[in-house]
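Whatever order the structure lists ligands and atoms in, that order sets their numbers, starting from 1. Atoms considered below: every heavy atom in the structure, side chains included; atoms not considered: hydrogens, waters and symmetry mates. For reference, positions follow the sequence shown, starting with 1.
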Amino acid sequence: MKIRTGTLAKLKQKGERFACLTSYDSLTAQIFDQAGIEVLLVGDSAGNVVLGYPTTIPVTLDQMMHFGKAVTEATKSALVVVDMPFGSYELSSEQALASAIKIMKETGADAVKLEGSRPEAVKRIVDAGIPVMGHLGFTPQSVNQLSGFKVQGRGDSSEQLLNDAKALETAGAFAVVLEMIPAQLAERVTSALQIPTIGIGAGSGCDAQILVWTDFAGLSDRSPKFAKQYLNLREQLLAAASDYRDEVRSGSFPTEEQSFS
Ligand code: KIV
């Protein structure tokens with residue numbers, strides 16, 4: 001069954017949590033979809049984990065098209081959300097709408113996501129019939145303004161974050177990511193909103209959780225404190241590549257089994 005934004009709204013109403021992962025390619029999209037992950041986010045974290053950039057800032061709209069298309073074509077059930085990269089929505093609501101339309105047309109995504117408190121842009125995109133996911137707290141595209149990778153929403157700024165979340169809901173966002181904020185604040189936001197909250201480094205009180213897949217699979221060279229590693233893919237790949245190298249060097253690969261007569 002195809003997951004739609006309405007499916008996620010119903011899960012929240014019933015008090016049922018759901019799981020989200022990032023994906024940037026066809027193979028992981030197939031696997032995570034088959035595993036029943038409800039939402040696949042084609043995050044602009046692709047800039048870090050696929051393209052090796054130090055931040056997500058250099059990621060372009062055209063690059064997101066390639067990642068987005070690969071994921072949507074491999075996905076049957078999950079709701080696919082494509083991130084709007086830095087520079088594709090900040091100039092005006094018109095620019096935001098034009099970028100969102102391009103994403104929807106060229107990738108076949110089910111929804112887009114944008115960072116920060118931009119209710120006007122969200123409303124403009126939603127009014128055109130495109131579902132929008134918000135993203136508050138630590139917003140990686142603003143890493144320079146936020147003075148690094150820091151927990152947000154502590155002290156006086158907690159009320160602002162709550163109000164920003166309510167404004168996104170009023171503007172028509174169907175869900176909001178809460179990244180690196182205190183768990184208690186995430187719980188407050190979650191109970192104040194009708195739409196689902198999706199936590200990453202925001203404690204267990206959100207309606208859903210999201211992880212960058214290379215963190216969850218232990219492929220990243222460094223993982224943030226909030227990410228749990230469900231396997232050790234980096235070590236496994238390293239061991240496998242070393243075995244392969246040894247077998248090629250010794251001549252024990254390929255054997256007859258891998259050869260044609
Ligand atoms: O780009 C991304 O992967 C994200 C998630 C961390 C929420 O925005």
Below 4.0 Å, non-hydrogen atoms only: which portion of [X] touches ligand 1? Side chain, backbone, both or neither.
{"X": "Glu115", "value": "neither"}
{"X": "Ile198", "value": "neither"}
{"X": "Leu41", "value": "side chain"}
{"X": "Thr22", "value": "side chain"}

task = Apply side-chain hydrogen bond (donor to acceptor under 3.5 Å, both in side chains) to Glu94 and Tyr89, showing your working.
result = CA-CA 8 Å; Glu94 277 60 45; Tyr89 59 93; over 6 Å; no
note = atom 8 (O) of ligand 1: closest protein heavy atom, distance to 0.1 Å, is Lys113 NZ, 3.0 Å
Contacting atoms of ligand 1, where contact means under 4.0 angstrom from a heavy atom of [X]:
{"X": "Gly43", "value": "1 (O), 2 (C), 3 (O)"}
{"X": "His135", "value": "7 (C), 8 (O)"}
{"X": "Ile200", "value": "6 (C)"}
{"X": "Asp83", "value": "1 (O), 2 (C), 8 (O)"}

key: Contact check: Asp44 vs ligand 1, nitrogen or oxygen atoms, below 3.5 angstrom   =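 Between Asp44 and ligand 1 (N or O atoms, distance only) the closest approach is under 3.5 Å.
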query = Nearest non-hydrogen atom to atom 3 (O) of ligand 1 belongs to which of Gly47, Gly201, Ser45?
reply = Ser45
request  = Return the orientation label for the Tyr244 and Phe253 ring planes: parallel under 30°, perpendicular over 60°, tilted otherwise.
outcome  =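 The rings of Tyr244 and Phe253 stand perpendicular, inter-plane angle above 60°.
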message = Tell me whether the rings of Tyr230 and Phe216 are parallel (<30°), tilted (30 to 60°) or perpendicular (>60°).
response =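 Rings of Tyr230 and Phe216: tilted, as their planes differ by 30° to 60°.
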request  = May I ask you to decide whether Asp110 forms a salt bridge with Lys2, counting only side-chain N to carboxylate O separations under 4.0 Å?
outcome  = yes
ask   = Thinking salt bridges, do Asp83 and Lys113 make one under a 4.0 Å N-O criterion?
value =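 Looking at Asp83 and Lys113, the cut-off is met.
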query = Is there side-chain contact between Leu61 and Pro85, with at least one heavy-atom pair below 4.5 Å?
reply = yes
inquiry  = With a 3.5 Å distance limit and no angle check, can you tell me whether Glu115 reaches the backbone of Gln141 through a side-chain donor-acceptor pair?
reply    =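 Checking the backbone N and O of Gln141 against the side chain of Glu115, a donor-acceptor pair under 3.5 Å is found.
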request  = Please lay out, stage by stage, how Thr255 and Gln258 fare under the test side-chain hydrogen bond (donor to acceptor under 3.5 Å, both in side chains).
outcome  = CA-CA 6 Å; Thr255 61; Gln258 292 99 25; 3.0 Å; yes
